[in-house]
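Let me begin by presenting the structure, written as structure tokens, before commenting on it.
To find a chain, count down the sequence lines: A is the first, B the second, and so on, and within it residues start at 1.
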2 protein chains.
Amino acid sequence: MLDEALTQRSASSTAAWLAAELRRAIVRGELHDGQALPQDELAARFGVSKIPGREALVQLQAEGLVTLIPHRGATVAALSAPEVAEIYAMRIALETLALRHAVTNLTSADLVRLEGLITIMEDERDPLAWSELNREFHARLYAPCRMPRLLDAIQSLHVSVQRCVVAYLTQSNHHREAQHQHRLILRACRRRDVALATRQLSEHLQQAADNIAKLLTPLALKKAAIREREEAHARARANPYLRANSGHRARGRR
Amino acid sequence: MLDEALTQRSASSTAAWLAAELRRAIVRGELHDGQALPQDELAARFGVSKIPGREALVQLQAEGLVTLIPHRGATVAALSAPEVAEIYAMRIALETLALRHAVTNLTSADLVRLEGLITIMEDERDPLAWSELNREFHARLYAPCRMPRLLDAIQSLHVSVQRCVVAYLTQSNHHREAQHQHRLILRACRRRDVALATRQLSEHLQQAADNIAKLLTPLALKKAAIREREEAHARARANPYLRANSGHRARGRR
DNA sequence: GCGATTCTAATCGTATACGCTCATTGCGCG
DNA sequence: CGCGCAATGAGCGTATACGATTAGAATCGC
């Protein structure tokens, strides 16, 4: 429970560290969509002042993970079905571009490493961990394109939808199919067949997008219902987004 | 000279307003590449405190306009030739995507408006103003795709390279060619020929990229030389990026 | 004379404190 | 009884002040 506080504050600035922590929490689903993120809570939670918290939020807003409305606070950005489709469309456009430039530069060492990643992923059962490995696989696949801004943009998009991927993997195990598609992409890369590799990457991503979209529509409705119910109790609770902070405050009244 | 201070602080937050001002200044070329942006100077210049300045810088960093190194301050992001090429590659990928989705939704009113923009651009001689109109043309062309994140990303990329476009237009008048290409794209859109429209858009952007690249390599060398010379005088001047703030500080020592 | 080291100054990063905006609750009016 | 408006309160945004870190310069030792 204190792991956030104990985490190596390796990032040079507190703001960057906070941003990383919040990013992780959002991706892990610990903060659900639409969740309010009061600055005071953040400050108190992480034992710092508001300023670095504000900067972290600005940074995350740029990544599209939080919505920041002036004078009305920050909320975890909610992803609608069309938005997910949009992000995947952008991912296809950018990742095929990256792959196109990367295929030429992929060394045999890179290929071995990627193969190794697939093997590791084979045994990974935890959706969150698998999704992290998946992100790493894609990142390493594109890295040789030598386009830092492009890689950053791809990374950002990936993080934006990672929550959905995790939620999706949690119930329906897409692992099998994804593993197979990863192998196909890798094989095409090994043969330096750019056209084939990019086509298979497109199909891979498009399929993921379709599956998540199918999941998202009913899920959104369900979440809305939960939200409805929770908001009724919201006022009674002290810390909105923290799990069991020993809610021994504001209990009385009765 | 006080126009920044007089500008309607329409943006709800001071940080957003500052970011907009700085963005404009960078695009206009008033702040050259690699220029240091000390927080205190910013605060004094705009008559505010450091905090909104910091947030503005964080925001601009996210847009790729400034580089922000912890404990070492902010500098205007320098664009190398490969970076420009990279950004244009991303633009082609994303803008063709946007156009593909927009062509279907383009109304006749949109087409009329776009035609009007081209006409206005015909008579515009000022490179900066033309570049703004150019940005608007592209933005309006893609707007009907109904993908807000994609449009934001495109806008951000466009702003990133706008400085180069302005610098390019200033000496070599690319207007003619661009105007022609815009008309071709628009004609294809009118015929709902998605393939043709996207292809011509690609060529349009690729050509711009090539031209800027040709310009940039010698320009970079020249700028480096200027930088070299300026840095020799840098210590004597009080305000690095402000013109004539009566530098009467730290003169002595002799 | 040259290099490593310590000292200093400048600047960044963060904490505390205050003014202001916006949402909500209670009241009065139609 | 429902709707619009004013007062209250919580939370955001910004200014001031201080501690921390880094780059540069003078000094000391070799």
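The CG atom of Leu57(A) sits 15 Å away from the P atom of dG11(D) (whole-angstrom rounding). For the pair Lys50(B) NZ and dA17(D) P, the interatomic distance rounds to 12 Å; values are reported in whole Å. Rounded to an integer number of Å, the gap from Phe46(B) CZ to dT14(D) C1' is 17 Å. We find that CD of Glu55(A) is positioned 15 Å from C1' of dC12(D), with the value rounded to whole Å. With rounding to whole Å, Ile69(B) atom CD1 is found 12 Å from dC12(C) atom P. Summarising the geometry, the separation between NE2 on His71(B) and P on dA23(D) is reported as 10 Å, rounded to the nearest angstrom. At whole-Å resolution of the value, CG in Leu42(A) and C1' in dG13(D) are 15 Å apart. Following rounding to the nearest Å, Arg54(B) (CZ) and dA15(D) (P) show an atom-to-atom distance of 14 Å.
Close to dG11(D), at under 4.0 Å from its OP1 or OP2, lies no side-chain N or O of Arg72(A). Residue Thr14(B) places at least one side-chain N or O under 4.0 Å from the OP1 or OP2 atom of dT14(D).
You'll find that the side chain of Pro70(B) is closest to dG13(C), out of dC12(C), dA15(D), dG13(C). For Pro52(A), taking side-chain heavy atoms from C-beta onward, the closest of the listed nucleotides dT16(D), dA15(C), dC12(D) is dA15(C).
Two residues, Ser49(A) and Leu68(B), neighbour DNA chain C, and the one matched to the more 5' nucleotide by heavy-atom proximity is Leu68(B). Closest-nucleotide positions on DNA chain C for Asp40(B) and Ile51(B) were compared, and the one nearer the 5' end corresponds to Asp40(B).
Taking 4.5 Å as the limit, some side-chain heavy atom of Leu22(A) sits within range of a side-chain heavy atom of Leu57(A). Counting heavy atoms from C-beta on, the side chains of Ile26(B) and Gln35(B) never come closer than 4.5 Å. Side-chain atoms of Leu157(B) and Glu95(B), non-hydrogen and from C-beta on, never get closer than 4.5 Å to each other.
Between the side chain of Glu124(A) and the main chain of Asp126(A), a donor-acceptor pair closer than 3.5 Å is present. Under a 3.5 Å cut-off, the side chain of Glu86(A) and the backbone N or O of Leu150(B) do form a donor-acceptor pair.
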